[in-house]
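Values below: every heavy atom of this structure, side chains too, minus hydrogens, waters and symmetry copies. Position 1 is the first residue of the sequence; numbering continues from there.
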Amino acid sequence: MSDQVRPIDLPAPQALARELAARLPAFQDIAWTGSTGSTNADLLARARARGVGKPWLLGTHLQETGRGRAGRPWQNRSGSTLMFSCAFDVHLPAVQLPALSPLAGVAACEALRAVAGPGAAGLCMKWPNDVQWRDAKLAGVLVETTRNPGGAEAGYTVVIGMGVNLIDADRLSLALEREVADWSQVQAHASHIATAADLVCASATAWHEAIQTLESEGFGAFKRRFDQVDALAGRKVNVLDKGAILLSGTACGVDDHGRLLVQTPEGAKPILVGEISIRRQA
């Protein structure tokens, strides 16, 4: 990290909640805590208990039982990661719900690019929704849904959670044995200094608007936007399941359902689930 780049300082939880409430008038409930088990789990439990008046936002300085993709445990230390979740009502057929995952990643990447400015074009998204700084993971996104009480007409609650690394890229890269990025690296190329509230407000607003577009226009409206942030385009990839290679080919965008397309000798194969590994070039 450059000596000229200061990491983002997290304000006290109540102060951050007040600032977010002033800047996000469309959100009906905003809270920020010193610690919790999982912001996603907290909002899902509330939705299942007949919670109304969405959208909601819940953030925390310390997440003690967080989960990543495929239910992997995920932890942080206070102040090192910006962690928050948003809950929205959605009215979509069940078959369209998987599109929410890449949708959340596209919207988050666009939002962080907007905050950072044109000097941070290295922000991109690895399908389904990891936000990267170049080839290093900067932020993880977790999307979960639950059916609202009241029958089919009540729709679903979608909870989108994100953790943005603010510091510790070097330590995390060493511990995880893979490249990890943090916001201080992005900030070194950004056009202005961002605050924690800037990142949260931009992402929450982008998710809200994206869900409304998905409901009215379908995921096809996002294909060109996906192409603008796609970290995998034209790259050789393996599709993995529990470490085993299911498929190899060249990533070539997404289809109208948000599925990754992988070009193989047999044609383009749509991928709905699986871990994507970029193949090393000889």
Taking atom [atom1] of [X] and atom [atom2] of [Y], what is their separation to the nearest 0.5 Å?
| X | Y | atom1 | atom2 | answer |
| --- | --- | --- | --- | --- |
| Asp89 | Trp56 | CG | CH2 | 7.5 Å |
| Leu97 | Arg147 | CG | CZ | 8.5 Å |
| Leu272 | Leu260 | CG | CG | 10.5 Å |

Assess, by modelled atom type and distance only, whether the side chains of Lys269 and Thr264 contain a donor and an acceptor separated by less than 3.5 Å.
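No pair is found: no donor N or O on one side chain lies under 3.5 Å from an acceptor on the other.
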Between Gln63 and Thr39: side-chain donor-acceptor atoms closer than 3.5 Å:
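On atom types as modelled, these side chains qualify, holding a pair under 3.5 Å.
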Over 60° means perpendicular and under 30° means parallel, so classify the ring planes of Trp207 and Phe84, tilted if in between.
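Aromatic pair Phe84/Trp207 classed tilted.
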Angle class for the His189/Trp133 ring planes (parallel below 30°, perpendicular above 60°, tilted otherwise)?
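Tilted.
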Could I get the full list of side chain to side chain donor-acceptor pair (under 3.5 Å) partners for Thr205, not counting sequence neighbours?
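Thr205: no side chain to side chain donor-acceptor pair (under 3.5 Å) contacts found.
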Under 6.0 Å between ring centres: does that hold for His257 and Phe219?
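Ring centroids of His257 and Phe219 are no less than 6.0 Å from each other.
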Checking side-chain contact (heavy atoms from CB on, under 4.5 Å) for the pair Arg178/Lys137: CA distance, chi angles, key distance, verdict?
CA-CA 9 Å; Arg178 58 181 172 83; Lys137 183 174 177 177; 4.0 Å; yes
Around Gln28, counting heavy atoms of other residues, nucleotides and ligands shown, do more than 12 lie under 6.0 Å from its CD?
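For Gln28, atom CD is crowded (more than 12 foreign heavy atoms under 6.0 Å).
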Check the surroundings of atom CD in Gln212: do more than 12 heavy atoms from other residues, nucleotides or ligands lie under 6.0 Å from it?
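Yes.
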Is it true that a side-chain atom of Asn238 and a backbone atom of Ser248 form a donor plus acceptor pair closer than 3.5 Å?
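Side chain of Asn238 to backbone of Ser248, a donor-acceptor pair under 3.5 Å: no, none is there.
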